[in-house]
Each structure stands twice: as structure tokens, then as C-alpha cells.
*Asks:* 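One structure coming up, written as C-alpha cells, with questions to follow.
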There are 2 protein chains.
Amino acid sequence: MTKKPTLHDVAKAAGVSIATVSNVLNKKEKELSEQTRRKVLEAIQRLGYSPNQHARGLKKGKTNLIGFIIPDQNPFFMEILKGIHETCAEYDWQVIVACSEENEVRQNELVDIFISQQVSGIILVPVTSTLAGKDKWSNFPIVLLDREIEDSPFPSVSATNIEGCCQATERLAMNGHQRIGIILASPDISTTVQRRKGYEQALHAHGLRIEPDLITYGGEYGGTQSQINGGYRSTMHLLNLPQPATAIIAINHLLMLGALKAMKEMKVRVPDDVAFIGFDDHPWSEINTPQLTVVSQPAYDMGRQSIHILRALDEDKTARSIKLPMKLIIRESCGTATMM
Amino acid sequence: MTKKPTLHDVAKAAGVSIATVSNVLNKKEKELSEQTRRKVLEAIQRLGYSPNQHARGLKKGKTNLIGFIIPDQNPFFMEILKGIHETCAEYDWQVIVACSEENEVRQNELVDIFISQQVSGIILVPVTSTLAGKDKWSNFPIVLLDREIEDSPFPSVSATNIEGCCQATERLAMNGHQRIGIILASPDISTTVQRRKGYEQALHAHGLRIEPDLITYGGEYGGTQSQINGGYRSTMHLLNLPQPATAIIAINHLLMLGALKAMKEMKVRVPDDVAFIGFDDHPWSEINTPQLTVVSQPAYDMGRQSIHILRALDEDKTARSIKLPMKLIIRESCGTATMM
DNA sequence: TTGAAAGCGATACCAC
DNA sequence: GTGGTATCGCTTTCAA
């Protein structure tokens with residue numbers, strides 16, 4: 001591998017100046033003669049030239065890189081990543097992925113690192129409901145994904161959490177359950193707060209009391225494994241109550257994993273002994289026995305939309321937050337409506 | 001957000017030259033007086049300075065970025081990504097992830113893009129057994145992950161595919177099965193070839209004939225969804241044979257998903273009607289009924305090792321390929337050994 | 001030990 | 001239309 005050709009090499013090969021080559025590369029169509037254009041393009045082709053992104057980045061203060069900060073290895077985020085990837089491919093953008101493991105300090109570090117690398121934008125799934133650096137970063141193109149923060153200067157892409165969780169809870173209530181337990185994630189993130197709200201709304205609508213014992217937190221700011229464990233422990237708690245829960249909702253995929261593990265170990269039959277609704281659809285949902293009723297999030301679209309917002313921000317347009325609909329996918333695990 | 005401080009600003013603030021600041025930033029400890037060092041560090045702190053990676057990259061022809069090219073959204077690769085991330089964090093490297101969706105043209109494009117972005121190295125899961133660009137790229141730090149290629153100038157990190165699959169097949173044979181079907185991925189990748197070899201070795205060792213009908217290919221170069229579908233179709237084929245398979249091995253996680261779906265639809269009982277062994281362990285393996293026997297790959301370690309190799313390459317050391325052990329995790333789905 | 005100055009490769013302004 | 005050229009922020013000899 002000899003040295004990579006530069007603008008100079010191309011210019012020499014084509015018998016023009018570097019400025020002209022640069023123009024061919026960047027200018028919109030009609031500003032140069034078809035002849036030089038062709039000459040330059042041919043030279044580029046022949047030398048196998050491709051622009052040095054660092055030089056370009058240095059000059060323009062921007063790159064074709066965007067940063068994506070996820071809190072854990074939840075497949076939900078992987079699905080989002082897919083949407084991000086495919087949308088970026090349309091614009092020749094690349095994605096740097098980093099994982100905060102639900103650690104706020106690490107998260108803030110990552111944002112700083114990304115900014116110092118001059119990525120053109122950041123997609124952030126914040127680990128708390130506040131963002132210490134929000135003022136420092138407020139002029140940088142950041143879009144919040146999945147979770148929102150207080151007094152945010154940043155647009156967000158999220159799902160209809162309240163409605164989604166409300167629907168799930170109602171379904172269980174309609175099936176005759178009076179003791180519906182819920183396994184929430186970290187108390188301090190917006191999705192937890194909103195899903196809890198949906199849950200309480202539904203209970204209220206069905207004349208059921210809100211029992212603190214039935215509301216558990218399985219997310220403990222600890223990342224992937226800790227959430228699975230949290231889902232497990234919460235389920236154990238709910239099933240060992242003096243009056244155990246007869247239905248359980250786990251509000252994310254990782255918590256659901258832990259919950260299913262616990263129920264399996266306890267040998268409770270789903271939905272006969274305990275009805276269950278999870279979150280985030282996945283091929284496993286249909287394979288599992290019983291098939292899992294889940295609240296499905298529009299992950300792929302959330303990924304796409306965040307890139308669109310980033311592009312708008314990039315072009316100095318203002319961008320508004322958007323909320324995408326969740327969908328309750330009814331399968332076997334929630335049981336069937338009892339006739340009353 | 002006012003303009004980011006530069007070396008100049010720091011130098012002025014500390015009352016030294018920019019070269020000195022640069023030295024503080026890069027030189028190993030003892031080459032400058034403790035006093036200037038402290039002064040400079042203090043100024044950096046105070047201004048919140050962080051170096052511009054583009055300028056640095058332009059100058060050094062290198063970055064703290066590495067590229068990771070995966071073929072699909074198999075959770076196996078996500079686990080590897082985790083190993084990569086955590087190892088990179090130790091060296092302040094960042095990871096650009098891209099997905100080829102098993103498309104060779106796209107893959108080669110991605111390598112070129114990464115090289116033109118001057119990443120310091122690439123971790124590639126190749127989609128075929130050859131690499132068209134291997135000569136063009138041979139001086140670039142590339143490590144092949146999971147899959148190997150022919151006449152490779154690149155070191156690789158892979159698993160003991162032959163042994164792993166052989167063990168799985170033997171287990172099934174020991175359990176009395178004579179018609180063991182296998183669902184392979186793309187015929188053209190090394191893991192498929194090697195796992196098939198392990199399968200045939202085991203059959204041979206147990207005096208069983210190799211039946212073309214029982215050897216199916218569920219991977220069709222089509223990416224994530226197409227592999228799930230492939231696993232499904234292959235299973236349908238194996239179960240609808242005049243003499244159906246009594247045991248099935250699916251050699252990756254996605255194929256396994258499809259296989260389980262098919263078996264569920266066909267209402268075959270596992271392991272009573274059909275014994276089953278999958279690949280790549282995952283929390284779901286234990287949750288599933290029956291619990292899944294799988295060949296588990298050292299994904300996390302594979303991720304770590306590939307970074308170590310990249311670092312060795314980066315320092316011009318030569319690096320050797322390594323092979324990490326697979327492990328058969330026996331659970332319920334393969335049935336128990338029959339006493340004969 | 002510290003500093004001046006020469007680029008790294010591309011962009012964009014401004015002459016021609 | 002095309003071509004000089006200053007410039008982006010940093011690293012790295014080489015002198016002082």
C-alpha cells in the first residue's frame with residue numbers, strides 16, 4: 001500500500017489545480033465545464049482517490065460521523081441502531097456507538113468525547129431525568145432518544161409510554177385481575193415515570209387501588225445484567241407477597257427476561273396462575289410457551305426519526321420532538337378476557 | 001457555546017508556547033519541568049480544553065477510531081461488540097459499527113470507507129470465504145472475526161468450530177439418534193464449512209451415514225431476517241422428509257430462532273419427538289421450554305482479543321491468529337442419553 | 001527544557 | 001470557469 005493519493009496528486013494527474021478538483025468534489029453540478037469535470041473524475045477514478053476525512057473535518061469543523069450512546073445491550077436499542085444505520089447509509093454518515101452502562105458519569109464523558117471528535121450530532125439515551133451538561137451542550141446537535149429530560153433544550157424521539165402501559169394494564173384488568181404487579185426500571189428515567197403513570201391511570205379507570213407492594217423497581221442503574229437480575233428479584237417479590245400478584249407487567253425487555261426466569265423457577269403457569277405482559281417485541285415472543293403478549297415499541301422508526309431530526313438540526317432548521325405510537329400485541333401470556 | 005479552545009488558547013493562558021502544551025499532552029512523563037507541566041495542566045483544566053481529533057488525525061494519519069463490520073444483527077455479534085467496547089474504553093478508542101447485511105459489495109465499500117476515514121484498524125466479519133480486496137488492504141491493520149478467509153494476509157479470531165459442532169453431533173448420536181439433521185448458514189463462509197466438517201466427523205465416528213437430505217442451508221446471504229426464515233424453512237424440510245430427522249442442530253442463533261418457530265408450529269415436542277441443539281447461549285436458552293442445549297461461543301472474549309491483536313498490529317508487532325474454545329452447554333432440548 | 005516553524009489534506013475566498 | 005493561497009488545530013523536527 002503506497003501512500004494514499006491526495007488532492008494534489010489528482011490535480012497533477014488531471015492537469016488542473018487542486019481548487020478545481022475540490023470544486024468537482026463539492027460544487028453543485030453546473031459551475032464548471034463538462035470537459036474539466038470529466039477529466040478530473042477520470043483521474044480520481046484512475047488513482048483510486050478518496051478524500052481524507054480528517055482534513056475535511058478539520059476545515060469544516062464537521063464530519064460524517066454521528067455518535068449514538070446507549071445505556072445497555074437491550075435488543076430494543078439494537079433494533080433502533082438498525083434504523084439509524086439504514087438511514088445514515090442514505091447520507092453516507094457513519095455511526096459511533098458507545099455504551100454508558102447506565103452510568104451517568106460515563107455518559108457525560110462520552111458526550112464530551114464525541115463533541116471533541118466533532119461528530120455532526122449525538123443521539124443520546126439519557127440515564128437520568130436530568131442532564132448535568134445540558135447548558136454546556138445546548139448549542140450542539142443532540143437528540144434525546146426513548147427517554148426525555150427535564151427542561152430539555154434538545155428535541156426528543158420517544159414513544160407513547162403512558163398510553164402503551166395504560167393499555168397493557170387495562171387489558172389485564174379487563175381479564176379480571178385485581179392484583180396487577182408492575183416491574184419498573186430506574187425510578188429516575190422518564191419512561192419509568194410515564195409507564196407508571198399509565199399503569200396508575202388504568203387501575204384508576206377500573207376502580208382498583210394502587211398498592212405500593214405491587215409496584216417494584218427492577219432497574220438499578222447497573223446496566224444489562226443488573227436489569228435482568230432486577231426483573232428476577234422483583235418477580236420473586238411479587239409472587240411471594242402475602243397476597244401475591246395475579247398479573248405482572250415488566251416494562252422493558254431485560255426486566256421481562258428476568259421475570260420469565262423467575263416464573264419458570266417458581267413453576268408458576270402463565271397465564272393460568274399469573275398473567276404476564278412484557279415490553280419490546282422480538283422473535284422469541286412467539287416462540288416462547290406461552291406466546292408473549294407485549295407492548296411493542298416502534299424501535300426501527302425511532303432510529304430513523306432521530307437521524308432526520310439530526311439532519312434538520314444540522315441544517316439549522318429547528319426540529320420538534322416527536323412521539324411514536326406503541327402497540328399492544330396480544331398473544332397468550334395475558335390470558336383471555338373472562339366473561340363477567 | 002463559544003468557540004472551542006485550541007492549543008493556542010491554552011498556550012497563551014499558561015504563558016508558554018503551543019509546542020510545550022503539545023508536549024505535555026503527548027510526551028511520556030519526564031521530559032519537561034514539573035512547574036510548566038502543572039501550569040499547562042491547570043490551564044487545560046480551566047479552559048476545558050480537549051484536543052481536536054481531526055487535526056491530530058490529519059497530522060498523524062491515525063485516529064482513535066476503529067471500525068467494526070458485522071454481517072447481521074445476530075445477538076452473538078452484539079455480545080462481541082460488548083467485549084470490543086469494554087476493551088476499547090481502556091485505551092480511549094471509539095468504535096464505528098456498520099452492518100453489511102451479508103452483502104459483499106456493501107462490505108467492501110465499508111472497508112474502503114473506514115480506511116479513507118483513517119480508522120486505526122478494522123474488525124471484519126467477512127461475508128464470504130474470499131476477500132476481493134485482500135491485496136489492496138494487506139498493509140492495513142485488519143483482523144478477521146469469527147469467519148476466516150482463504151490465503152489470508154490478516155490474523156483472525158475465531159472459535160473451535162469443528163470441535164464444537166462435532167461435540168454437539170456426538171451428543172445427539174450418543175442419545176441414540178440416527179437421523180440427525182443440520183441447518184447450516186451460507187455455504188461459502190468458513191464457520192459453515194468447519195461446522196459441517198465437525199458434524200460429519202461425529203457421524204463418521206458413530207458409524208452413521210452422511211445423508212444429503214439431512215444437510216440443509218438456511219443462510220442465504222440475506223442478512224438478519226432471511227436467516228430466521230431460512231432456519232424455519234430448513235426445519236420444515238427436515239421434518240417433512242419421508243423419513244424425518246429425529247434430531248436437529250442449528251448452527252447459529254438466528255437459524256435457531258427460525259427452527260424453534262417451525263417446530264412450535266408443527267407442534268413437535270422437544271426433545272421427545274425431535275431433539276435439538278442450537279448455537280450461541282443467551283438468557284432465553286434457560287427460559288425456553290424446554291431449556292435449550294446450545295454450543296456456546298466465547299463471544300465477549302473474541303471481542304477483547306480482536307482489540308488486542310489490533311493494538312499489536314498498531315505497534316507493528318506481528319500478531320498471530322487465535323482460536324478460542326466453544327463449549328457445549330447441556331440442558332433439556334437434546335434429551336438424555338438412552339441406555340443401550 | 002522550551003519554542004519557532006514546517007507541514008498534514010482539504011476548503012473557500014478572491015482574483016484572474 | 002479556474003487557480004492561488006490563507007487557514008483549520010495539531011505534531012514534530014530542529015535550534016536556541
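FYI, side chains are in, hydrogens and waters are out, and symmetry mates aren't considered; it's all heavy atoms of this structure. Proteins get letters first, then strands, A, B, ... in listed order; numbering begins at 1 in each.
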*Asks:* In terms of side-chain heavy atoms, does A:S158 have a donor or acceptor partner in A:E148 at a distance below 3.5 Å?
*Replies:*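 The answer is yes; a qualifying pair exists.
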*Asks:* I need the CD1-P distance between B:I18 and C:dA4, as an integer number of Å.
*Replies:*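 Taking CD1 of B:I18 and P of C:dA4, I get 9 Å after rounding.
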*Asks:* Starting at NZ of A:K39 and ending at P of D:dG1, how long is that distance when rounded to a whole Å?
*Replies:*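 Between P of D:dG1 and NZ of A:K39: 15 Å.
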*Asks:* Using a strict 4.0 Å threshold on nitrogen-to-oxygen distance, state whether A:K136 and A:D112 make a salt bridge.
*Replies:*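 Salt bridge present between A:K136 and A:D112.
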*Asks:* How would you label the contact of A:T6 with the nucleic acid (heavy atoms, under 4.0 Å): base, sugar-phosphate, or nothing?
*Replies:*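 Result for A:T6 = sugar-phosphate.
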*Asks:* Which whole-number value in Å describes the distance from A:N23 CG to C:dG9 C1'?
*Replies:*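 Result: 16 Å.
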*Asks:* Determine the contact category for A:V16: base if any of its heavy atoms lies under 4.0 Å from a base atom, sugar-phosphate if only primed atoms, P, OP1 or OP2 are that close, otherwise nothing.
*Replies:*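 The answer is sugar-phosphate, as A:V16 gets under 4.0 Å only of primed atoms, P, OP1 or OP2.
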*Asks:* Calculate the interatomic distance between A:K12 atom NZ and D:dT2 atom P; express it in whole Å.
*Replies:*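 Taking NZ of A:K12 and P of D:dT2, I get 21 Å after rounding.
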*Asks:* Any idea which of C:dA10, D:dG3, D:dC10 is nearest the A:N52 side chain?
*Replies:*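 The answer is C:dA10, which lies nearest to the side chain.
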*Asks:* Do B:W93 and B:T63 come within less than 4.5 Å of each other through their side chains, counting heavy atoms only?
*Replies:*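 With C-beta onward as the side chain, the pair stays apart.
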*Asks:* Return the nearest nucleotide to the side chain of B:A55; candidates are C:dT11, C:dG9, D:dG9.
*Replies:*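 Minimum distance to the B:A55 side chain belongs to D:dG9.
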*Asks:* Scan side-chain atoms only and decide if A:D188 and A:S129 contain a donor-acceptor pair under the 3.5 Å cut-off.
*Replies:*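 Per modelled atom types, A:D188 and A:S129 side chains form a pair under 3.5 Å.
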*Asks:* With a cut-off of less than 4.0 Å, is there a side-chain N or O of A:S17 near OP1 or OP2 of D:dG3?
*Replies:*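 Yes, A:S17 has a side-chain N/O under 4.0 Å of OP1/OP2 on D:dG3.
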*Asks:* One thing to verify: whether A:K134 and A:E150 come together as a salt bridge, which I'm taking to mean a side-chain N less than 4.0 angstrom from a carboxylate O.
*Replies:*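 A:K134 and A:E150: not salt-bridged.
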*Asks:* Please state how far atom CD in B:Q53 lies from atom C1' in C:dC8, giving the value in whole angstrom units.
*Replies:*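 Nearest whole value for this atom pair: 15 Å.
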*Asks:* Grab the CZ-P distance between B:R38 and C:dT2 for me, whole Å please.
*Replies:*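 The distance from CZ of B:R38 to P of C:dT2 comes to 13 Å, rounded to the nearest Å.
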*Asks:* Counting side-chain heavy atoms from CB outward, which of D:dC10, C:dA10, D:dG4 is closest to B:P51?
*Replies:*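 Of D:dC10, C:dA10, D:dG4, D:dC10 is nearest to the side chain of B:P51.
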*Asks:* For DNA chain C, determine which residues of residues 56-65 of chain B have any heavy atom closer than 4.0 angstrom to one of its atoms, and list them numerically.
*Replies:*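 Within this stretch, B:L58, B:K59 sit under 4.0 Å of the strand.
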*Asks:* Quick one: is A:S22 getting a side-chain N or O under 4.0 Å of the C:dA12 phosphate, OP1 or OP2?
*Replies:*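 So the side-chain polar atoms of A:S22 never come under 4.0 Å of the phosphate oxygens OP1 or OP2 of C:dA12.
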*Asks:* Find the distance B:H8:NE2 to D:dC8:P and express it as a whole number of Å.
*Replies:*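 In whole Å, D:dC8 P lies 9 Å from B:H8 NE2.
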*Asks:* Are A:E102 and A:R147 close enough for a salt bridge, meaning some N to O gap below 4.0 Å?
*Replies:*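 Judged by the 4.0 Å cut-off on N to carboxylate O distance, A:E102 and A:R147 do form a salt bridge.
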*Asks:* C:dT11, D:dG9, C:dT2: which one has an atom nearest the side-chain heavy atoms of B:S33?
*Replies:*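 Closest nucleotide among those given: C:dT2.
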*Asks:* Using a cut-off of less than 4.0 Å, is there contact between a side-chain N or O of A:N26 and OP1 or OP2 of C:dT11?
*Replies:*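 For A:N26, the contact criterion (side-chain N or O under 4.0 Å from OP1 or OP2 of C:dT11) is met.
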*Asks:* Could you give me the CA-CA distance, side-chain angles and deciding distance for A:E109 and A:R106, then say whether salt bridge (Lys or Arg N to Asp or Glu O under 4.0 Å) is met?
*Replies:* CA-CA 5 Å; A:E109 247 178 54; A:R106 176 71 183 145; 3.0 Å; yes
*Asks:* How many whole angstroms separate atom CG of B:L25 from atom P of C:dT2?
*Replies:*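 Those two atoms, CG and P, are 15 Å apart.
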